[in-house]
Colleague: 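Below is a structure I'd like to ask you about.
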Amino acid sequence: MLLKIMKKIYIFLIAILSLQACASEQENAAIDNILKFYGGRAEWSIGQNASTDDEEIQGKFFEIKLSDADLSSYKYLSMPASNIAYLFYSSLTPEEKSSYDFIRVDVDYNGKEKVVEYSTQELELVTNSMAVFELTAEILKTEKYESLKELLDKSYPSEVDGFEETFAQIDSAYGKVTGLSIQGYSLSQGKVGSRYTDLLKLSGVLTREKQHTDFSVTVDAKDPEKKIVNMKFQQ
């Protein structure tokens with residue numbers, strides 16, 4: 001127990017000392033983007049995790065703590081935490097991305113606190129997969145549904161041909177799609193057809209003329225083309 005406490009103190013001291021480090025122009029811009037998205041107050045630090053615990057991510061990290069933001073619309077704080085990590089990482093230059101091993105996010109809201117660490121390998125995967133999510137939203141916006149079939153995994157249900165009618169019904173109820181607001185992601189293991197793989201669920205909100213709707217796209221993370229294996233609409 002004493003060794004574990006000393007290890008934590010060691011990591012904490014490194015993080016405190018790192019407050020003297022200066023954030024780059026891109027890093028400052030990334031923090032500003034996070035505040036524009038969520039509001040509230042953000043604190044940051046740069047540290048080095050060199051613990052003896054093999055379950056912890058080792059190496060250099062950038063930590064962002066968000067507090068005083070209105071997160072009442074989120075059921076789980078893990079969603080805004082993942083989006084904060086993505087917003088920050090995707091704003092960095094290639095050189096800056098390679099300088100960190102993980103991004104640590106600390107979300108403090110309404111007496112609850114969520115701390116999550118995201119490896120840069122995972123965040124790179126998410127960044128590279130967002131194009132599929134954004135393209136899907138653009139297809140829904142322009143109503144060019146035939147193009148959507150090219151993004152779908154071959155295991156997708158056969159009722160794909162009925163998409164046009166389904167989308168028309170959703171548009172009639174909630175209004176035409178005008179854009180996409182990315183909200184975060186989750187990564188888990190699952191089955192696609194007969195194979196087990198890593199499933200990356202990209203979550204967002206489709207902005208609409210009448211009422212916005214939740215929207216998610218799940219892709220096969222191990223597929224180089226990041227084919228869609230599931231889509232979900234929700235009010």
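Basis for what follows: all heavy atoms, side chains included, without hydrogens, waters or symmetry-related copies.
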Colleague: Tell me, yes or no, whether the heavy-atom count around Q189 atom CD, taken from other residues, nucleotides or ligands under 6.0 Å, exceeds 12.
Modeller: no
Colleague: Salt bridge check: are E63 and K65 linked by an N-O gap of less than 4.0 Å?
Modeller: no
Colleague: Mind listing the closest non-hydrogen atom pair of I182 and F37 along with its distance?
Modeller: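 Where I182 meets F37 most closely, the heavy atoms are O-CZ, 3.3 Å.
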Colleague: Check the pair I64, I34 against side chain to side chain contact (heavy atoms under 4.5 Å, CB included), reporting the backbone distance first and the verdict last.
Modeller: CA-CA 10 Å; I64 306 158; I34 292 168; 4.1 Å; yes
Colleague: Is K60 salt-bridged to D101, going by a charged N under 4.0 Å from an acidic O?
Modeller: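 Looking at D101 together with K60, the answer is no, because their closest N to O distance does not fall below 4.0 Å.
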Colleague: Taking 4.0 angstrom as the limit, do K114 and D108 come out as a salt bridge?
Modeller: no
Colleague: Tell me every residue that passes side-chain hydrogen bond (donor to acceptor under 3.5 Å, both in side chains) with E96, counting only those two or more places apart in sequence or in another chain.
Modeller: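 For E96, the residues satisfying side-chain hydrogen bond (donor to acceptor under 3.5 Å, both in side chains) (neighbours in sequence not counted) are S24, T93.
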Colleague: Just checking, is any N or O donor in the side chain of Y38 or N83 under 3.5 Å from an acceptor N or O on the other one?
Modeller: yes
Colleague: Which is it for E113 and D106 under the side chain to side chain contact (heavy atoms under 4.5 Å, CB included) test, yes or no, and what are the steps along the way?
Modeller: CA-CA 7 Å; E113 186 175 20; D106 184 345; 2.7 Å; yes
Colleague: Under a 3.5 Å threshold, yes or no: a donor from one side chain and an acceptor from the other, between Q169 and Y174?
Modeller: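 Result is no, nothing qualifies.
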Colleague: Can you name the residues that form a ring pair (Phe, Tyr, Trp, His ring centres under 6.0 Å) with F102, not counting sequence neighbours?
Modeller: F61
Colleague: Just wondering, do T213 and V205 contact through their side chains at under 4.5 Å, heavy atoms?
Modeller: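 They are not in contact (no side-chain heavy atoms under 4.5 Å apart), so the answer is no.
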Colleague: Tell me every residue that passes side chain to side chain contact (heavy atoms under 4.5 Å, CB included) with D223, counting only those two or more places apart in sequence or in another chain.
Modeller: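 Per chain and number, D223 pairs via side chain to side chain contact (heavy atoms under 4.5 Å, CB included) with D220, E225, K227.
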Colleague: With sequence neighbours left out, write down each residue that passes side-chain hydrogen bond (donor to acceptor under 3.5 Å, both in side chains) with T178, or none if nothing qualifies.
Modeller: T207
Colleague: For K176, is there an ion pair with E143 - N to carboxylate O distance below 4.0 angstrom?
Modeller: yes
Colleague: Could you list all the ring pair (Phe, Tyr, Trp, His ring centres under 6.0 Å) pairs where at least one residue sits in residues 76-99, not counting sequence neighbours?
Modeller: F62-F88
Colleague: Using distance alone, with no hydrogens and no angle criterion, decide if S181 and Q183 have a side-chain donor and acceptor under 3.5 Å apart.
Modeller: yes
Colleague: Checking N33 now: which residues fulfil side chain to side chain contact (heavy atoms under 4.5 Å, CB included) with it, not counting sequence neighbours?
Modeller: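 Partners of N33 under the side chain to side chain contact (heavy atoms under 4.5 Å, CB included) test: K36, S91.
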